[in-house]
Amino acid sequence: MSHKHDAKTTDIPCSCDTDAGSIECLQHMFVDMVQRGRIDKGQCPAKRPVFLRLHGVAHGRFEIAPGLSPDWRVGIFSQQVTYPVWARFSSDISDGRPDLNTTVGLGIKLFDVPGQKLLPPGSTSPTADFILQNHDVFFVDDARAMCVFTKASLTSEEEYLKWRKENPKGAAILDAMEKKVPTVLGENLWSVIPFRFGPEKYCKYKLEPIAPIPTGPNPDYNDPNYLGVDLQQRLQRGEARFRFMVQPYIDEQKTPLNKATDQWDEKVSVPQHVATLTLPQQDIAARGQSAYGEALSFNPWRTLAEHEPVGTIADARKVIYQASAELRRNVNGQPDGEPHLPRPPAPWPPARDTTIVRAAIHPGIGIARVGNSPEGFYVGPEVIQPEPLSAADMRDSTGALKRQAALFRLYGYNAAGEVVAELTGNNAKITWQVHLANRKAQWYQFDAALDIPQAYELSLPLRNAHIKGAARTNLAIDPGPRHIEGSDISGPAYRFDSGMFQGTKVGLGELRTDASGRLLVLGGHGISASPEGKPIYDPDDPDTFNNADGWYDDTSDGPVNAAVSIAGREIPVDAAWVVVAPPNYAPDIIGWRTLYDLLYDAYVECGWIAFPEQVSFVRDVLPALQRLSNLQWVNKGFAALFGHGGQFDFDDPQLLTKLSHRPAAGHPDIYGELRRVIFNAFRPVNNPVAEPRTWPWLYGDAFGSFEDDDPENYLPLSPVRASLLQRWVEGNFDNDWHPDYQPPHDLSQVELADRPAMLDQAALHFCLADAFHPGCELTWPMRHSSMYRAPFRIRERPAEQPVPEYGRKLTQQIALRPGGPLYAQGAGDLSRWMALPWQGDTAFCRSGYDVEYDPYLPSFWPARVPNQVLTEEDYAIVINPDLAREQRLAAFHRRANWLRELSGLPPAQMMHMVEHFGAMGIVAAKKGVDDDPDFPPVIFVESVPGIPTRTAALAAGLDKASARTREDRLRLAGWENEEQLEAFRRLVLRKRKHED
Amino acid sequence: MRTDVLVIGAGPAGAVAARVLAKAGARALLVDDIRDTDKVGESLPGAARPLLRDLGLLPWLAQSKPRACVGNVSAWGDDVLRATDFIRDPNGSGWHVDRQRFEASLRDAAQEAGATWRTARLKSVTRDEAGWQVQLSDGALCTRWLIDASGRSGILARKLGVARTRDTPMIALYAIGENRHADERTMVESVEDGWWYCAPLPQGRRIAVLHVEASDASRILHEPHGWLDQLAATRHIRLLCPADASWCPPRGADAGGACLQQWSGDGWLAVGDAALAFDPLSSQGMFNALYTGLRGAQAVMGVLSGQPDELARYSHQLSNVRQTYLRHTQYFYAAEQRWKHRPFWRRRHAEATQMPRSRLG
């Protein structure tokens, strides 16, 4: 009984001297004042006046206990063996108040109960109700006392307190009724009022949970709806069973019939188990289930005559419950009456609101790539593990590289944020708008990531600094936006062909649509040039590396928008962004840290994405490990440890079975130490020491620009990744891995609801983020949450705002300030930080001609493998089952160390040949050997230039750890001698800039 | 008759030199006896683009209707085909030219600049105070300067008695046939006794070239289907170049590297192959011809206007080119170890170890 009144009135009729008067009074107070009062204030739907907090509605069955003696075979307990039931768990608390410390109630409606019932007008309905609550006594004895209490609590706080003082027993019971309940399924429940048990006997009912109750997580008492949440979770995991017991009347002293505050001692009157209530495993949130239970009416008088309720409180309930049910149903427009048949328990398909109220373009950040095939293109990856692309997929018949097109899709969402459908030309009218621009020549030079602590003294000048004022607008290639609509559209009107670099036309690409009206963004053809014939690199000025004055390239980036209307109605659209990047030469090999990882970490750290409640082995742990094994194809150092047959081969199902094994409670954690060893092998977050030996063996952002012993030289785990792995070490994770796990290879294999997120992830999964020098597709600004307005949504500067300027020099302070260049973005603002031209990395090889004309690559025809990979010859040996096993093993472990053959070259030239020499082949996955402990099932046999070959130098650092002579170690790593290694380091480690 | 500069040889080097001289105001005469035969050597790397642009020759190149070359594919050191894509080169794609048309175009460009060109052969040269007395097959003339642009034969240098260093001799056995494949890239494949390349040519043709020792060359040419048998034995080349009757009879040409011991002297200077000849593996021959045509002509102009230092600078430049070329060449030949006991490879590996090692740093 809710004693906290929320209907106040000074005009309460007072006719509590008789039982009948009390009942009339109570009806007036409960129904007319409390219930009607709330309805008048707008309560919708209208609810019961008491026990209105619904926790959940469940279906089940009520089975009469077998072997009952004839004494107990009364009424309901003598008829059917099993009755279908619907049950309603509730609390007696008004709207807006939390579940904690409330009284729990249960209404049970039995079906298929033949016979006359006591409650007209539905006397012939085949239903019968039981009502119970989780305390064994009531706080007032009878209807008259109830009336006094109710009047006091509705009058004023003062009156209520006065009642408490005058009725200490009732007050104590009221307090005891506010229990801290961990789960409704664990509560004992009592009928509180007595009933007849046949013509001559009486009883009360009790319901006891039968252990074990279904499992669930610990209740979150801070959640105001925790009881409903708990009930749903537990019933989803298992069934709940209860003993329905009849406690027999003995006499008026031990078991009084009209003193509801007196307890019937269960040792004196022992309850008898007469039936079992079973609520099978189910989802109480299934469609329509709660609504069904809420619309039912539970009344203790809806039963056979053998079970007639006894006492004035029962009399009051007969009237009040019926009146309140009638009012409730009339207000809600529900029929007033009893169902004939129970609702079938099988769940109905979930409701779907198919009204699209907004749309979003996915992927949020799409990646296109330049290519020199005039017309050929392929669509960029839409899943994170697509079928491997063959070399033929990426080249046209003349051998030219195809462009990668970024494909954008529109998804429609309902008001609940669920994906309803993909929007295409078939079900919507779509007009796309894209704006591409290239602002590299207008921006500042790249030297190092500006957001690392070591960069605080950096002061970067503008590129093309000799061009000043208004003339600088000619340095930006800005063809403006283009629109496109319809299906299979392409043509000159959709080309970004009007942009100019200092008077020279530079094409940035074009828009097309596919057969369903989806957007395809194609970039430039990889053309870079200097209209004035300026050199790409001045060896006397190392800062020109990646910052060539007077040069342009045809990469770009910019916003992707769409105007969408469905059946003539416009809906708002979440815009996206497209980046046109250089070609990706190793599409099957993923860097250790991808751009997706970087962004995901940034969003978790700023709270936009919740830190996962449950660490998933497959999603959160496995990538960090497996990518180390992926890099075995790049470098001998990786191969030895992480490669096939190495100690930490993370493709080995046996190792993965151990690492994914989740220790069961109470069992020893046999692999805990192994997990800890692996975790400790990773470079820690905020490492104070430069530690090349810890994992991964990859360069971090500071390498090459700052001190030798700078810890930022090497790549650490991100704080988010470290936290996830920490939980894994502690054994607190979901083992969702199994050896047969197969990821989707195409978007059609992904559930519709998951496709938008998959598109967002796949686009960025293939972009490198290991070290930003400045990188391949995008660089360090992308890890700042200020660049975004939502996960994977770039914060777009309104078109009417002028392009901001930041002065002659860019410092860390200017770059990182709010409202600065890491804030709102316009077309060209993501790619402006990248190398200019992007091919500038190749600007080192010299053939002896003077600087003006020296070719950038040696013109020699043969391509060379830049690192240590499995050759085709060895591959043929490996897969040949007719050869001796030793021979095959030797072939597999052989790596051609081609660096030895560069003896005699000046180290500067040599180093750059090492880095950028030919061999820009496309990696192809070839079939390996099945079911063989020594050979993997898939082998990559071509070169992998995407990862910097500076890892060779790092491997030299690694070998210091082993006990060999220095000379041997250098040679192992591929260096001819100390001098070569030093010359490499001198060239790459440039001095820190000083301020002008 | 008198002229300022007589350019002997009207290939790319000579034509470029003549054009540069004429544009600078000198009287330039270009002589050659052109034979209407297919020359081997068709690859111009994208690195030539800035050169051609500065020479104003891009429209003339276009006039000769070359094919764009987007990259190379090679099987070298192992039999995996690997690609080099010129999209990675800031200068972009290269070209496969029709030599006859390209050279004709360059000669037109030289004439457009004011140089004179005529068909004739050099018979003799005599030094005098004013310069040179030259006897051509069609008459005599006086000239202040001579430029030897006569290619590998190096006519002038020979007449002047200037020694030429020859690297290990190599013969290119080449044939031209119908282009049956759309791939625009140069393909290279090393084989047991040498190496192949093939490339598409303008006008639907394709060239295939086998590089071998001189002794092997005679033998292959004398066998009725010697060259075709060699072609059929390749792994990759034959897929672009089917070994059938569509090829014209193969011819041989000198393909080894070579270098004058002195690139200029009193009143003379060598450019192109006459100065530095390259192993075709370098794909550097035509590029160097254009480059030395430009720089050589500029050096001569410098001297003619009283700056003799220009010659030393020119020689220094060529020396750098030669040294770098040697290192690269030795590197690439050393990268192929599969047949290191065969004479072709053994000799080139040996040549490498005899090369003086340069100082590090």
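Labels below follow one simple rule: chain letters A, B, ... track the order of the sequence lines, proteins then strands, and each chain is numbered from 1.
In this structure, CD1 in B:I87 is found 8.5 Å from CD1 in A:I527, a value given to the nearest 0.5 Å. Expressed to the nearest 0.5 Å, how far CD of B:E184 lies from CG of A:N372 amounts to 11.5 Å. If you take OG1 on A:T398 and CZ on B:R67, they are separated by 9.5 Å, rounding to the nearest 0.5 Å. To the nearest 0.5 angstrom, A:I536 atom CD1 is 8.0 Å from B:D89 atom CG.
Interface residue B:R53: only side-chain heavy atoms are found under 4.5 Å from chain A. When heavy atoms are compared at a cutoff of 4.5 Å, B:T329 approaches chain A by way of both its backbone and its side chain. Residue B:S319 does not touch chain A at all, counting heavy-atom pairs closer than 4.5 Å. If you measure heavy-atom distances from B:V188 to chain A, the contacts under 4.5 Å come from the side chain alone. When heavy atoms are compared at a cutoff of 4.5 Å, B:N72 approaches chain A solely by way of its side chain, counted from C-beta outward. Contact of A:S530 with chain B is made through the backbone alone, with heavy-atom distances under 4.5 Å.
Within residues 286-296 of chain B, the residues having any heavy atom closer than 4.5 Å to a heavy atom of chain A are B:F287, B:N288, B:Y291, B:L294, B:R295, listed by residue number.
For chain B, the option among A:A548, A:S373, A:G526, A:A529 with the highest count of heavy-atom pairs below 4.5 Å is A:G526. Looking only at heavy-atom pairs under 4.5 Å with chain B, the residue among A:G399, A:P582, A:G533 that has the most is A:G399. The greatest number of non-hydrogen atom pairs below 4.5 Å with chain A, out of B:T186, B:L281, B:N320, B:D54, is found for B:L281. Of all the listed residues (B:W195, B:Y197, B:Y325), the one sharing the greatest number of non-hydrogen pairs under 4.5 Å with chain A is B:Y197.
Between B:D183 and A:R395 there is no salt bridge, since no side-chain N of the basic residue sits under 4.0 Å from a carboxylate O of the acidic one.
Annotation: side chain of B:S283 is in contact with side chain of A:W861 (closest heavy-atom distance under 4.5 Å).
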